[in-house]
Number of protein chains: 2
Amino acid sequence: MNAGPNIAAVAKLISEPSRAVILTALLDGRFHPASSLAYTAGIKPQTASFHLKKMIEANVVRVEKHGRHRYYGLENYEVAEVLESLLSLAPKVEVKSFKQATNDKAIRYARTCYDHLAGQLGVKMTDSLLDHGFLEHKDNTFNLTPEGETFFHDFEIDLEQVRKKRRTYIHKCLDWSERRHHIAGAVGNALLERLIDLKWIERVPTIRAVKVTTTGKTGLQEVFNIEM
Amino acid sequence: MNAGPNIAAVAKLISEPSRAVILTALLDGRFHPASSLAYTAGIKPQTASFHLKKMIEANVVRVEKHGRHRYYGLENYEVAEVLESLLSLAPKVEVKSFKQATNDKAIRYARTCYDHLAGQLGVKMTDSLLDHGFLEHKDNTFNLTPEGETFFHDFEIDLEQVRKKRRTYIHKCLDWSERRHHIAGAVGNALLERLIDLKWIERVPTIRAVKVTTTGKTGLQEVFNIEM
DNA sequence: TAGATGTTTCCATTATCATCGAAATATGGA
DNA sequence: TCCATATTTCGATGATAATGGAAACATCTA
């Protein structure tokens with residue numbers, strides 16, 4: 001009767017709450033040890049191991065072994081896209097603890113959306129580029145302007161290298177916390193990496209949040225005219 | 001502990017096999033009566049009613065009432081995008097019956113991917129436009145060339161109207177059956193509608209397949225240099 | 001080499017939820 | 001108005017799968 005791939009199978013993999021937490025944590029683009037993921041999901045290591053195995057078998061997650069440590073990350077960008085699209089459709093979670101509220105706030109402020117910036121920071125930066133005429137919004141997608149290409153060159157991002165990546169050059173990504181779009185694609189990734197290189201932002205160790213450093217606040221103000 | 005939306009909830013909605021079948025059927029972009037969806041999913045009407053109600057409450061599906069008939073369709077394009085992204089990640093289904101094989105073949109040949117063409121037809125058409133220089137593949141996305149805009153004008157597709165839609169103008173959509181890209185976005189939708197207007201293609205009533213008419217075979221050969 | 005640590009495997013228990021029979025409600029048609 | 005059809009609502013049953021205790025395996029360090 002039914003023809004085509006079995007979406008129920010992959011959705012079922014994601015629908016289990018412990019696995020959803022793990023997958024969401026892996027959306028920061030990093031690899032994490034099994035024990036850390038177990039802690040994050042609030043389950044015992046053996047349960048985490050059970051779930052991680054299922055996800056590996058389904059080619060959703062991959063593992064890198066370093067001695068007795070197993071580091072797990074998302075299999076590829078395609079998986080990340082599925083998770084991101086689910087995030088924009090998913091119901092909000094009621095905040096029930098102080099720690100949860102703190103984490104929620106930090107994640108909304110600035111975070112990684114797999115490999116590019118999101119949250120208030122991501123959207124403000126996108127708006128800044130639009131306001132300065134470095135980015136244009138046309139045909140419901142983003143494009144860099146010639147002025148924008150000059151700006152990126154001056155900001156020491158090599159767009160020729162960026163163009164060579166096996167990724168969309170630049171596209172819109174709907175930000176689930178801001179309900180507006182931020183920059184995604186290879187350009188978005190280059191921007192994230194540049195800000196990390198400049199030490200303007202730092203990853204928060206245990207959640208997908210990104211923290212703006214003191215230096216970063218100054219730099220973002222001077223270069224992008226952004227208050228954070 | 002967990003911060004951000006609850007992806008498990010929406011994934012769980014999609015992960016139930018009967019609901020997955022229904023949602024996949026609704027990916028043809030049409031509205032279907034409850035009884036038809038029940039039949040398609042191989043469940044009793046009361047079970048279908050139960051599932052449809054859950055999906056309506058989650059804003060995944062919407063209903064239009066016509067007398068005693070309730071016609072159900074996907075809530076919006078965002079939902080379709082989630083389902084489509086899941087399709088590209090989902091495992092293939094083993095074909096176990098003659099009817100299933102027939103449906104599978106028809107769907108791979110040509111189908112609607114929500115609101116644009118997919119399958120062999122969708123990909124061949126995309127390739128044709130690329131070969132003729134009407135479409136270019138740049139920065140890992142599609143763009144119409146000036147020649148392409150002329151072509152669409154001659155094919156009686158008003159691109160000015162197409163541009164005004166609250167949709168991406170044109171983008172790539174990964175075809176799960178061909179594992180290559182076909183055209184999506186407002187341009188893709190315009191193309192689908194034009195072919196239907198010309199009666200070059202017809203929707204198959206019970207599955208998401210599209211049938212190429214005799215007239216269509218001739219037209220596609222002459223205009224697009226496509227053998228179907 | 002022995003003990004510590006990280007991770008995986010195994011299995012019985014418990015919680016969750018889809019299903020259909022029964023019945024009720026809503027609408028159309030003769 | 002009555003009967004037929006489409007759909008919804010209710011509830012008990014049966015199937016599924018995540019969980020943690022126990023144990024085994026893999027690697028590191030003193």
Side-chain angles (χ1 to χ4, degrees), chain A residues 1-2 6-26 30-73 91 205-206, chain B residues 1-2 6-26 30-73 91 205-206:
Chain A
M1 182 57 70
N2 186 45
N6 179 19
I7 63 171
V10 57
K12 189 176 269 306
L13 207 58
I14 299 167
S15 69
E16 203 283 314
S18 297
R19 287 200 287 269
V21 171
I22 288 171
L23 289 167
T24 304
L26 296 182
R30 291 183 290 193
F31 278 67
H32 294 258
S35 50
S36 171
L37 292 173
Y39 177 75
T40 297
I43 53 179
K44 292 292 169 72
Q46 56 269 42
T47 308
S49 181
F50 168 75
H51 288 306
L52 288 164
K53 183 172 181 180
K54 275 179 154 281
M55 291 192 276
I56 284 170
E57 285 166 357
N59 297 306
V60 169
V61 163
R62 70 171 146 158
V63 60
E64 288 178 355
K65 301 173 193 178
H66 295 290
R68 62 184 159 183
H69 288 274
R70 309 293 173 96
Y71 291 92
Y72 296 86
T206 54
Chain B
M1 179 55 74
N2 186 44
N6 179 17
I7 64 171
V10 57
K12 189 174 271 296
L13 207 58
I14 298 167
S15 68
E16 204 282 316
S18 297
R19 287 199 288 268
V21 171
I22 288 170
L23 289 168
T24 307
L26 295 183
R30 291 182 289 191
F31 278 67
H32 296 259
S35 48
S36 171
L37 292 173
Y39 177 75
T40 298
I43 52 178
K44 292 294 169 73
Q46 55 267 44
T47 309
S49 181
F50 168 76
H51 287 307
L52 288 164
K53 182 171 181 178
K54 275 179 152 280
M55 292 191 274
I56 285 171
E57 285 167 356
N59 297 308
V60 170
V61 164
R62 68 174 146 153
V63 61
E64 286 178 358
K65 302 173 192 176
H66 296 292
R68 64 183 158 183
H69 289 273
R70 307 295 174 92
Y71 291 90
Y72 296 86
T206 55

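Each chain gets a letter, A, B and so on, in the order its sequence line appears, and its residues count up from 1. Here the structure is a predicted model, which is why all the values come from computation and not from measurement.
- The side-chain hydrogen bond (donor to acceptor under 3.5 Å, both in side chains) search around A:R30 returns A:D28, not counting sequence neighbours.
- The side-chain heavy atoms of A:V61 and A:L23, taken from C-beta on, include a pair separated by under 4.5 Å.
- Rounding to the nearest 0.5 angstrom, the gap separating the NZ atom in B:K65 from the OH atom in B:Y72 is 8.5 Å.
- Here the CD1 atom belonging to B:I56 is positioned 8.5 Å from the CZ atom belonging to B:R70, to the nearest 0.5 angstrom.
- For the pairing with B:H32, the side chain to side chain contact (heavy atoms under 4.5 Å, CB included) check across B:T40, B:I22, B:L37 returns one residue only, B:L37.
- Within residues 59-68 of chain B, the residues having any heavy atom under 4.0 Å from DNA chain D are, by residue number, B:R68.
- Following rounding to the nearest Å, A:L52 (CG) and C:dG6 (P) show an atom-to-atom distance of 16 Å.
- Side-chain N/O atoms of A:K53 include one lying less than 4.0 angstrom from OP1 or OP2 on C:dT9.
- Along DNA chain D, read 5' to 3', the first and last nucleotides having any atom under 4.0 Å from a heavy atom of chain A are D:dA18 to D:dC28.
- For the segment residues 30-38 of chain B, no residue has any heavy atom less than 4.0 angstrom from an atom of DNA chain C.
- Here B:R68 pairs with nothing under the salt bridge (charged side-chain N to carboxylate O under 4.0 Å, His left out) rule; sequence neighbours left out.
- Closest of all the heavy-atom pairs between B:A8 and A:A20 is CB-CB, 3.7 Å.
- Taking all atoms of both residues into account, the shortest heavy-atom contact from A:Y71 to A:F31 is O-CD2, 3.4 Å.
- Side chain of B:S15 to backbone of B:K12: a donor-acceptor contact under 3.5 angstrom is found.
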Check nucleotides 15-18 of chain C against the protein and report each pair of N or O atoms closer than 3.5 Å, with its distance, or say if there are none.
| residue | atom | partner | partner atom | Å |
| --- | --- | --- | --- | --- |
| C:dA18 | OP1 | B:R19 | NH2 | 3.2 |
| C:dA18 | O3' | B:E16 | OE2 | 3.2 |

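- A donor-acceptor pair is defined here as one N or O able to donate and one able to accept, closer than 3.5 Å; no such pair exists between the side chain of A:S49 and the backbone of A:P45.
- B:K54 places none of its side-chain heavy atoms less than 4.5 Å from the side chain of B:E16.
- Here C:dA26 presents its P atom at 9 Å from CZ of B:R70, a figure rounded to the nearest Å.
- Counting non-hydrogen atoms under 4.0 angstrom, A:Y72 reaches the backbone sugars and phosphates but no base.
- Taking 4.5 Å as the limit, every side-chain heavy atom of B:V63 sits out of range of all side-chain heavy atoms of B:L52.
- At least one donor-acceptor pair under 3.5 Å links the side chain of B:R19 to the backbone N or O of B:L13.
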